[in-house]
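The block underneath contains the structure these notes are about, expressed in structure tokens.
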Amino acid sequence: MARRERCSGCGINMLVSPEARVVRCSECHTLTNLVPINARPGRTRYNGPPRMHENPYRNGPSPQHPQYPQPRPSLSPVPIYGRKRALLCGVNYHGKSYKLKGSINDVKSMKYLLVETFGFPNDSILMLTENEREPSKIPTKQNIRKALKWLVYGCQPGDSLVFHFSGHGTRQKDYNHDEVDGFDEALCPLDHETEGNIIDDEINDTIVKPLTRGTTLHAIIDSCYSGTVLDLPFVCRMNKEGRYMWEDQRNPLFYKRTSGGLAFCFSACDDHQTSADTTAFTGNNVRTGAMTYSFVQAIQNEPRLTYGRLLNAMRYTVGDASKAHGVSQVSKSSLSPSSLNWFVLDLQEPQLTSSDKFDIYSKPVVL
């Protein structure tokens, strides 16, 4: 006789057979692990997520059949639940020929903004940088994956989630044919040379699909080729005069939606552009990411900005710095000595993508 079980993703009740061990939700496509009735007495029993030493991606992620369950990482002392929660990753790649100098500075600036302007509690912000003492907070691929799961775990209506990444970005051939341009965008963790990159398909599966109704995610991605790195379906195309239109990049063969929540992503540049690690804004030897600096400055200068005014302000700041200083800066796509390059700031234009279309000049940015 069929029984009712609650989806671990969206929470709806599902009818399942008594022998079922796993079921996929027809609404959000989340896989929910079950305990058969003949294997346990009484009510459904939850045996807990994988232990921290167990790698949930040990067999590798599958773009065609993504893994939706959300293991609960033990990233103490940061609490799991909270109306405001943020993950900030800054990777300088110390000791590498393609090292950066501004990524950790970016993370510190973003934390200050979240705490002082948006009221994020200090203990609700998880920082991953090379300067952290705890091994679990070094921005390796495995640690970033676990932290992304922590960010969205148990999200509830009213939650405001923030993901900020400052470091190298790249693009690679799209093998499952879900990309309009034929390339997957990716973030480069500290150990990307041995462990590989974190591609947009996985990022979307991990922090976009689990967003339940009433939950809002803002991603601020300061890296090269980052325009659609969250694989959000709508891209805001804006001209020099500030006029815009939404470009629909939905693919009917691939599930790229949230589970009822909202997701927004501010990216350093378009998918074919590079971004800068620069001293142009500070006037000294302190480097920052051009995109992170412009984002923080715009919000501090004008509280309650709309998305449109924020995007315009960021683009103006980056372009104005290029004209004023007339210098080239280190690219955030320089991942080998042969590709180490310098470029002019005006080659990057901050981008906005979203899970839904909306009027960017009437909706205020609230984190």
Side-chain angles (χ1 to χ4, degrees), residues 57 60-61 63 66 86-94 96 98-100 102-104 106-107 110 126-130 132 137-152 161-175 178-179 181 183-209 217-232 256 263-277 289-292 295 330-336 339 348 350-351 353:
Y57 289 91
L87 168 61
L88 313 180
C89 299
V91 195
N92 276 354
Y93 312 91
H94 292 316
K96 302 294 184 179
Y98 47 82
K99 66 181 178 181
L100 301 171
S103 296
I104 296 178
D106 290 342
V107 163
M110 187 60 64
L126 175 62
M127 295 177 61
L128 302 186
T129 74
E130 290 126 297
E132 299 297 325
K137 295 183 180 180
I138 303 298
T140 63
K141 184 175 183 178
Q142 183 181 27
N143 286 343
I144 293 176
R145 278 175 161 175
K146 291 179 179 179
L148 288 171
K149 290 178 173 60
W150 164 83
L151 180 64
V152 298
L161 313 176
V162 172
F163 171 46
H164 173 240
F165 179 89
S166 180
H168 281 302
T170 188
R171 61 198 317 215
Q172 58 193 58
K173 186 176 179 180
D174 170 31
Y175 290 101
D178 67 329
E179 296 284 349
D181 60 1
F183 290 93
D184 281 317
E185 290 68 49
L187 303 180
C188 302
L190 181 62
D191 55 353
H192 68 94
E193 291 180 335
T194 57
E195 300 302 317
N197 303 311
I198 303 176
I199 66 171
D200 49 10
D201 293 339
E202 181 181 340
I203 298 171
N204 184 277
D205 289 342
T206 306
I207 63 173
V208 175
K209 285 186 174 68
L217 168 72
H218 285 88
I220 301 96
I221 310 297
D222 198 342
S223 64
C224 293
Y225 314 117
S226 55
T228 61
V229 74
L230 260 65
D231 264 356
L232 298 179
K256 296 289 184 179
F264 308 94
C265 181
F266 285 98
S267 303
C269 56
D270 208 344
D271 287 340
H272 64 279
Q273 295 177 331
T274 52
S275 61
D277 183 60
M291 182 267 184
T292 299
F295 180 89
V330 177
S331 167
K332 287 193 172 184
S333 65
S334 307
L335 296 179
S336 67
S339 66
Q348 73 174 101
Q351 304 289 312
T353 57

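For the atom pair I221 CD1 and F266 CZ, the distance stands at 12.0 Å (nearest 0.5 Å). Atom CD1 of residue I199 and atom CG of residue L187 lie 11.0 Å apart, to the nearest 0.5 angstrom. Distance CD1/I144 to NZ/K137: 14.5 Å, rounded to 0.5 Å. To the nearest 0.5 Å, atoms CG (L230) and OG1 (T206) are separated by 10.0 Å. Between atom NZ of residue K146 and atom CG of residue L87 there is a gap of 14.0 Å, rounded to the nearest 0.5 Å. Interatomic distance, L88 CG to L126 CG, rounded to the nearest 0.5 Å: 8.0 Å.
Nearest approach of D222 to D106, heavy atoms of both residues: OD2-OD2, 3.7 Å. Taking all atoms of both residues into account, the shortest heavy-atom contact from Y225 to E185 is O-CG, 2.9 Å. For C269 against S223, the heavy-atom pair with the smallest separation is SG-O, 3.7 Å. Residue E130 comes nearest to H94 through the heavy atom pair OE2-N, 3.0 Å, listed as atom of the first residue, atom of the second, then distance.
Under the 3.5 Å distance criterion, the side-chain polar atoms of H168 are matched with a main-chain donor or acceptor of Y98. Looking only at distances, no side-chain donor or acceptor of E195 sits under 3.5 Å from a matching main-chain atom of T140. With hydrogens and angles ignored, the 3.5 Å screen pairs a side-chain donor or acceptor of Q348 with a backbone N or O of A268. Panel note: side chain D200, backbone D231; no donor-acceptor pair is recorded below 3.5 Å. Formation of a donor-acceptor pair under 3.5 Å by the S275 side chain with backbone atoms of C224 is found in this model. A donor-acceptor contact shorter than 3.5 Å links the side chain of Y93 to the backbone of C188. Between the side chain of K141 and the backbone N or O of N197, at least one donor-acceptor pair lies under 3.5 Å. Within the 3.5 Å criterion, the main-chain N or O of G289 finds no donor-acceptor partner in the side chain of T292. At distances below 3.5 Å, at least one donor-acceptor pair connects side-chain atoms of N92 with backbone N or O atoms of S103.
Contact annotation: the side chain of I207 approaches that of L217 to within less than 4.5 Å [non-hydrogen atoms, C-beta and beyond]. The shortest side-chain heavy-atom distance between M291 and I220 falls under the 4.5 Å cut-off. Side chains of F165 and V91 form a contact here, defined as non-hydrogen atoms less than 4.5 Å apart. For the pair C89 and F163, the minimum side-chain heavy-atom distance is below 4.5 Å.
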(message) salt bridge (Lys or Arg N to Asp or Glu O under 4.0 Å) for D201 and K256? Distances and angles first, verdict last.
(response) CA-CA 9 Å; D201 293 339; K256 296 289 184 179; 3.1 Å; yes
(request) Kindly indicate, with the supporting measurements, whether the criterion side-chain hydrogen bond (donor to acceptor under 3.5 Å, both in side chains) is fulfilled by K209 and N204. (result) CA-CA 6 Å; K209 285 186 174 68; N204 184 277; 2.8 Å; yes
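Aromatic rings of F295 and H218 (six-membered ring for Trp) have centroids beyond the 6.0 Å cut-off, not under it.
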